[in-house]
Structures are given as C-alpha cells and as structure tokens.
Amino acid sequence: MADDLSAVAHFLYEAGTLKHARRTGWWMAGVRDPESVAEHSWRTSLIASIIARLEGADPARAAFLAVWHDSQETRTGDVNYLGKKYSSGANPEDVTADQTAGMPEVLASTVRDLVAEYEAKETPEAICARDADKLECMLQGIEYKAQGHENAQRWIDNSRGRLVTETGQRLADELLSQGSLDWLRAALGEKQA
C-alpha cells in the first residue's frame, strides 16, 4: 500500500480519547460518572442497525453512520444542550475534515461523506441513526433513573419526544414498559414481577 497511514494512526489514538470523554449532560441529572462517548456510540450503532432493519433501510449503513456520529467530540468535547446555547458550536463536517486531513483520500472522503449524510438528516439510514442516538439517550436515562437518578426523567421524556421513525417510537414504548433487569429475569427463566 503506497498511501501513508501516519494520519490514520494518529486518528486511531485520537478516537481512543472518546473512551474517557464523559457525556456531560448527565451531570445535571446528578450522575457523577456517566457513560463515555464511546460507550454511547457503540450502543447507538446497535440500535441504529435494529431500527434500520425494521424500517426497511440498510442496517449496516445506519450502524456505520452511528459509529461516526460523535467522532468530532475528540476535538470539541461533549457539549450538552445547555452549553450549545452559549457557544456557536463547531460544524461537525469542518471538524471531520480536519480529523481526516492527510489520510488516504479513499478513507478521508468516506468518513467526510458519512458525517455529511448524518448531518443532512435526509437518507433513511441517517434518520434511523439519528433516532438511535435519541433512543440510546432515553435508554441510558431509564437505566440511570433505575439507579436512583430521578432527574434523568427529563432526558427520557425529551428523547422520547424527538423520535421520528415508527420503529423508534414503538421500541421506546416497549423500553418504557419494562424494567432495566427484566431481560435478566427472562434469561434466567424467572417469573416477571
């Protein structure tokens, strides 16, 4: 391979910082050690593939979009909704262009196109990935509320209200009707409470 992979290696180290970057909005709900951006992105990708398959969109493409949806936060940090009120915010496409500078063009253009597609909110896969982002936040809120963080209800309600796909809405209703450990009871063959 003739392409220099130095910039790719730099990015892989940079991407690793998302394992340590916390989702800051949860601090307002009293969560001292919220999940990382990387943890959020992983489950968002799973949810995106599920929503897309059930909506008739390409699940691999939706998951691919979801993997990259917060990759810019290596440089901007996780700016929550209150913080965005006071800062103009960096354009995700501009940040991605800087992140991919020097990478082999076939890779750089792929990543730039993914981020642009996600931000445009037009393709079925982007819509599914964006719903997955909201649904993952709602699900995390349910889990935090089960841990005693009552203020997480605001995130649950706001996320539920922003879902646009039928599958996302139906899945949200199902998640809200269950307890966060019902899956474990079912796996162990225990009777539901």
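Every value quoted in this text rests on a predicted model; they were computed, and no experiment measured them.
- Once rounded to the nearest 0.5 Å, the distance linking CG of Leu171 with CG of Leu54 reads 8.5 Å.
- Between Arg43 and Glu35, no side-chain nitrogen of the basic residue sits less than 4.0 Å from a carboxylate oxygen of the acidic one, so the salt-bridge criterion is not met.
- A side-chain N or O of Thr167 and one of Glu55 form a donor-acceptor pair less than 3.5 Å apart.
- At most 12 non-hydrogen atoms from other residues, nucleotides or ligands lie less than 6.0 angstrom from CZ of Arg170.
- The CD atom of Glu105 sits 4.5 Å away from the CZ atom of Arg112 when rounded to the nearest 0.5 Å.
- Here Arg22 does not pair with Asp78 in a salt bridge; the nearest charged N to carboxylate O distance is not below 4.0 Å.
- Neither side chain, Arg23 nor Gln140, offers a donor N or O lying under 3.5 Å from an acceptor on the other.
- Across all their heavy atoms, Ala57 and Glu125 have their closest contact at CB-OE2, 3.7 Å.
- Remark: Ile127 CD1 to Thr165 OG1 distance equals 9.0 Å, nearest 0.5 Å.
- Every side chain to side chain contact (heavy atoms under 4.5 Å, CB included) that Leu46 has, sequence neighbours left out, goes to Trp42.
- Tyr13 and Val111 end up in different hydrophobic clusters when Ile, Leu, Val, Met, Phe, Trp and Tyr side chains are linked at under 4.5 Å.
- By the neighbour-count criterion of 12 heavy atoms within 6.0 Å, atom CZ of Arg53 is sparsely surrounded, having that number or fewer from other residues, nucleotides or ligands.
- With sequence neighbours excluded, the residues forming a ring-ring contact (aromatic ring centres under 6.0 Å, His included) with His69 are His40, Tyr118, listed by chain and number.
- Taking hydrophobic clusters as Ile, Leu, Val, Met, Phe, Trp and Tyr residues chained together by side-chain heavy-atom distances below 4.5 Å, Met103 shares a cluster with Leu114.
- Annotation: the span from Ile156 atom CD1 to Glu143 atom CD amounts to 10.0 Å, rounded to 0.5 Å.
- Scanning both residues, Val106 and Thr110, for their nearest heavy atoms gives O-OG1, 2.7 Å.
- Nearest heavy atom pair, residue Ala7 against residue Ala101, reads CB-O, 3.6 Å.
- Of the inter-residue distances, the one linking Glu39 atom CD with Lys19 atom NZ reads 10.0 Å to the nearest 0.5 angstrom.
- Nearest heavy-atom pair across Arg185 and Lys191 is CD-O, 4.4 Å.
- Hydrophobic clustering (side-chain heavy atoms under 4.5 Å, transitive across Ile, Leu, Val, Met, Phe, Trp, Tyr) keeps Leu18 apart from Val95.
- The heavy-atom pair separating His149 from Gly30 by the smallest distance is CE1-O, 3.2 Å.
- Tracing side-chain contacts under 4.5 Å through hydrophobic residues (I, L, V, M, F, W, Y), one never reaches Trp68 starting from Ile50; they form parts of separate clusters.
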Practice item. For Trp26 and Cys137, run side-chain contact (heavy atoms from CB on, under 4.5 Å): C-alpha distance rounded to whole Å, both residues' side-chain angles, the deciding distance at 0.1 Å, then the answer. Key: CA-CA 10 Å; Trp26 294 115; Cys137 185; 3.9 Å; yes
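- Taking CE of Met138 as the reference point, atom CZ of Arg162 lies at 13.5 Å (rounded to 0.5 Å).
- A donor-acceptor pair under 3.5 Å is absent between the side-chain atoms of Gln72 and the main chain of Val115, judged by distance alone.
- Inter-residue side-chain proximity for Pro104 and Leu5 is flagged as met; some heavy-atom pair is nearer than 4.5 Å.
- Heavy-atom minimum distance, Glu119 versus Arg130: CA-NH1, 4.1 Å.
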Practice item. Before giving the answer on side-chain contact (heavy atoms from CB on, under 4.5 Å), spell out for Leu176 and Ile142 the whole-Å C-alpha distance, their side-chain angles and the decisive distance to 0.1 Å. Key: CA-CA 8 Å; Leu176 288 165; Ile142 293 168; 3.8 Å; yes
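- At a threshold of 4.5 Å between side-chain heavy atoms, the hydrophobic network of Ile, Leu, Val, Met, Phe, Trp and Tyr places Leu175 and Trp155 in two separate groups.
- Here the rule is side chain to side chain contact (heavy atoms under 4.5 Å, CB included) with Ser41, and of Val67, Asp70, Asp133 only Asp70 fits it.
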Practice item. Go through the steps for Glu117 and Arg61 under the test side-chain contact (heavy atoms from CB on, under 4.5 Å), then give the verdict. Key: CA-CA 11 Å; Glu117 180 179 345; Arg61 181 78 180 173; 2.3 Å; yes
